[in-house]
Structures are given as C-alpha cells and as structure tokens.
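Order of listing sets the numbers, starting from 1, for every ligand and every atom in it. Basis for what follows: all heavy atoms, side chains included, without hydrogens, waters or symmetry-related copies. None of these values were measured; they are calculated from a predicted model.
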Amino acid sequence: MKQVVLVYSGGLDTSICIPLMREEYGYDKVVTVTVDVGQPAEDIQQAADKAKILGTEHHTVDAKDEFAREYCFAAIQANADYEGYPLSTSIARPLIAAKAVEVAKKLGATAFAHGCTGKGNDQFRIEYAIRALMPDAIIHAPVRERNMTRSWEIEYAKAKNVPIKQSLEKIWSIDENLWGRSIEGGRLEEPNYAPPEEIFQWTKSPMAAKDQVQELRIDFKNGVPVAIDGISAAPASLIVKMNEIAGNNGVGRIDIMEDRMLGLKVRENYECPAAVVLLAAHKAMEALVLTASEIRMKQRVDAEWASLAYQGLWFDPLKDDLEAFIQATQKRVSGTVTLRLYKGNLSIVGRESPWALYSEDLASYDTATFDQRESTGMVKNFGMQQRMFFALVEKHKQNQ
Ligand code: ARG
C-alpha cells in the first residue's frame with residue numbers, strides 16, 4: 001500500500017492535495033497531520049472535520065508546549081529578529097515538519113506532501129526539516145509543481161467536493177501560532193496601503209487601548225522569562241498571558257517590507273505582542289549583565305541565528321554551534337525587568353540582577369571610590385593612531 005503523509009492545515013492549498021494525491025500521484029492512503037502550535041482551536045477542529053469528510057487518516061499533534069519551550073524560548077535567548085520580524089511563522093515550520101516525520105516513522109511511510117507555493121519561504125523550511133530528519137524522503141509539492149493559481153484550485157476543489165466555503169470567505173492569508181500572527185494578501189500586498197483595523201485580532205488599536213499605563217515586572221532565569229508580576233508560569237501559558245496583556249495595550253503590531261529567500265520583497269503585517277515585549281525585556285536584561293564585548297559578539301551571533309531560523313535551517317549544525325555560545329552567555333541573564341505599556345508604546349523603566357555588571361559606587365558622580373586621576377594616562381593615550389596620523393600629515397605638509 002502506497003501511503004503519503006500530508007502536512008495539513010485545513011486550508012485550500014492543503015485540502016486539494018488530498019484528492020490530488022489519490023488521483024494524480026497514485027497513493028492509496030493519505031495521512032493528514034495537523035500540528036497544534038497555538039493556532040485557534042477552531043482551525044484545528046476545522047482541519048479535523050475536513051479530513052474526516054475527505055476520508056484521510058487524520059492526526060492532530062499537540063506541540064504547543066514543545067514549541068514554547070524549545071522554539072519560542074530559544075528565539076528569546078537569541079533576540080530573534082529578521083528585518084524587524086520576530087520569526088513567528090519561520091520557527092514553527094521545522095517543528096511542524098518534525099511532527100509529520102514522527103507520524104510517518106510510526107506508520108512506516110516515506111512520502112510527504114505539503115501545500116506550499118513556489119514563491120514563499122515555507123517550502124524551504126518544511127522540506128529542509130523533513131530531509132534532515134529523513135534523508136531519503138520523497139516530497140511532493142503539488143501547488144508548486146503544477147504552477148497552480150487560486151482560481152484553478154477553487155475549480156478543482158468544487159469538482160472534487162472539497163469543502164471550501166471558509167476559504168472563499170477569506171480575504172487575508174493568515175498564519176498563526178503562539179509566537180505571532182502573520183497577515184498577508186489582498187490589498188496588503190500594496191506597500192503603500194495602510195493596514196485596515198480589521199486585520200488585527202490580537203492587538204487593540206493604540207487609540208482604543210485603555211488610557212492608563214500598565215506596569216509589568218518580568219522575571220528571567222538563564223535568559224528565559226519565568227514569571228510575570230511575580231506569578232510563575234510555564235512557557236506556553238506565559239506567552240499566552242503576555243500576548244493578552246500586551247495586545248490589550250495595543251503593543252505588538254509590525255508592518256515591514258521583508259526580503260524573502262527567493263529575493264522577492266513583500267509587504268508583511270504581523271501581530272506579535274508577547275514576542276515584542278519579551279524580546280525587549282530580554283535585551284534590557286542582557287544589557288545589564290553581559291560585558292560590552294559579549295554584547296558586540298552576541299549581536300553577530302544573534303544575526304546569524306536569525307538568518308538560519310528565517311531560512312528554516314533549524315537542524316543545521318551551525319545553529320547548534322551558535323547556540324553553544326548563546327547558552328554560555330545566558331547563564332547570567334537572570335533578574336527582573338520592569339516595563340510600562342501604554343497605548344501601543346513599550347518602555348523599559350527598570351532592571352535588576354544578581355549578575356549586574358553595574359556598580360553605583362563606581363559610576364556615580366558623588367562617590368570617591370573611583371580615583372579620577374587614574375584616568376589621565378588612559379585618556380591621553382586613547383586614539384594613539386589618529387594622533388600619529390595627524391602628526392604625520394603635518395610633517396609631510398612641511399616637507400612639500
Ligand atoms: N513572511 C513570513 C515568513 O516567511 C510569514 C509568512 C506567513 N504566511 C501567511 N500566510 N501569512 O516567515
């Protein structure tokens with residue numbers, strides 16, 4: 001029996017893959033796998049319902065905790081940022097692929113299918129992860145392979161009795177998980193079109209957000225958040241709670257031009273309330289405890305990490321190497337950050353840590369512990385080469 005594991009979201013692209021796999025690709029059995037990384041419960045249910053109608057063997061895999069712990073928290077430690085985007089969709093793809101591989105291994109399947117188009121980044125992320133974890137896998141990407149258009153897909157779905165009512169109603173292409181919500185498509189593709197209020201679901205408009213400052217304390221341990229306002233929470237619930245708090249204050253909207261892997265520039269809108277707040281707080285913590293040269297080096301390591309994460313090279317050995325450095329630095333990233341949220345704004349107003357490399361005694365203008373006279377020689381010799389250069393310029397002028 002020929003079986004294929006379809007990475008399934010329940011949307012139009014992946015749903016038409018079901019009849020296609022049977023009728024055009026020659027598979028007897030289609031196994032659909034939907035991975036729960038924190039998308040709305042209705043979406044998970046809808047995928048299961050559609051799979052049932054279309055007669056697949058369906059698996060829903062709850063990976064929320066693993067996603068929060070191993071992916072979102074790794075993103076915090078690496079200050080995840082690609083062109084202003086906290087990598088919310090990107091980091092979920094390797095985990096989704098890994099879960100599909102787990103199901104395939106259990107069933108003894110070696111063929112996969114996904115609904116990615118040939119234009120985006122997800123095809124790279126999903127295929128790279130599947131091949132890393134199962135080097136001989138066969139992977140089908142019908143939407144890409146057949147150069148499909150949306151109208152062809154709709155006609156095909158109608159002909160094959162694939163339910164598409166929800167897909168037809170959708171104006172926007174949305175991808176959602178604990179770490180953020182990506183909104184694309186429709187007029188949003190025009191870089192100069194201001195995003196209408198209706199695209200946002202997790203964040204209040206800053207104008208409609210409450211007229212009161214909300215102050216928060218976030219506790220970090222080894223570079224990851226462990227409590228909000230003194231109340232400890234497990235990774236997934238901490239992120240959910242932070243999405244709610246920050247979203248209510250209108251914090252977390254991102255509107256950028258993004259350079260995709262294929263070189264296409266696209267306009268992207270995101271809502272990432274928890275990510276925006278937790279990343280800002282984490283950076284404030286690092287600024288207090290890491291040395292200046294550690295911070296400089298870490299910015300380079302973080303940028304490399306973000307580029308691997310964007311490309312979906314999650315299982316690349318370089319990522320482990322970078323994370324060895326990141327982990328070493330995070331041992332001291334423990335303490336508390338205080339911040340204020342107000343109508344779309346976020347400001348850090350305090351930080352403390354047992355590892356603070358800060359000494360009030362040394363920095364203050366008011367104490368005598370620092371003998372200022374000791375700076376004299378250092379200041380005099382600072383910029384030695386510039387001084388030598390200008391002296392030479394003078395000398396050569398005189399010789400002319
Ligand atoms: N451009 C982002 C990325 O490649 C997000 C894509 C989200 N997809 C969507 N259908 N909204 O990571």
cation_pi(Arg253, Tyr270) dist<6.0 Å, angle<=45: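 Judged by the rule (NZ or CZ under 6.0 Å from the ring centre, within 45° of its axis), Arg253 is not positioned above Tyr270.
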
Ligand 1 to Ser173 polar contact by distance, N or O atoms, under 3.5 Å: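 Yes: some nitrogen or oxygen of Ser173 is under 3.5 Å from one in ligand 1.
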
Closest protein heavy atom (residue, atom, distance) for atom 12 (O) of ligand 1: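 Residue, atom and distance for the closest contact: Tyr85 OH, 2.6 Å.
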
Nearest-contact summary for atom 8 (N) of ligand 1 - protein heavy atom, Å: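 Looking at atom 8 (N) of ligand 1, the protein heavy atom closest to it is Glu184 OE1, 3.7 Å.
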
Exercise: do Ser151 and Glu155 side chains pair donor with acceptor under 3.5 Å: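 No, no side-chain donor-acceptor contact under 3.5 Å.
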
Pick from Arg93, Arg125, Glu83, Arg260: the one approaching atom 3 (C) of ligand 1 most closely through a non-hydrogen atom: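 The nearest heavy atom belongs to Arg125.
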
Pair Glu24 + Arg146: basic N to acidic O under 4.0 Å: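 Salt bridge between Glu24 and Arg146, a charged N being under 4.0 Å from a carboxylate O: yes.
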
Note: Glu127-Arg131 ion pair, threshold 4.0 Å (strictly below):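 Between Arg131 and Glu127 there is a salt bridge, with a charged N closer than 4.0 Å to a carboxylate O.
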
Interatomic distance, Glu268 atom CD to Arg260 atom CZ [nearest 0.5 angstrom]: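 Here the rounded value is 5.5 Å.
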
Rounded distance [0.5 Å steps], NZ in Lys2 versus OH in Tyr27: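 OH of Tyr27 is found 5.0 Å from NZ of Lys2.
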
Contacting atoms of ligand 1, where contact means under 4.0 angstrom from a heavy atom of [X]:
{"X": "Asn121", "result": "3 (C), 4 (O)"}
{"X": "Glu258", "result": "1 (N), 2 (C), 3 (C), 4 (O)"}
{"X": "Ser90", "result": "12 (O)"}
{"X": "Ser182", "result": "5 (C), 7 (C), 11 (N)"}

The single option from Leu6, Val33, Ile18 passing side chain to side chain contact (heavy atoms under 4.5 Å, CB included) against Thr56: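 The single option meeting the side chain to side chain contact (heavy atoms under 4.5 Å, CB included) with Thr56 is Ile18.
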
4.0 Å heavy-atom contact, Tyr270 with ligand 1: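 Heavy atoms of Tyr270 do come under 4.0 Å of ligand 1.
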
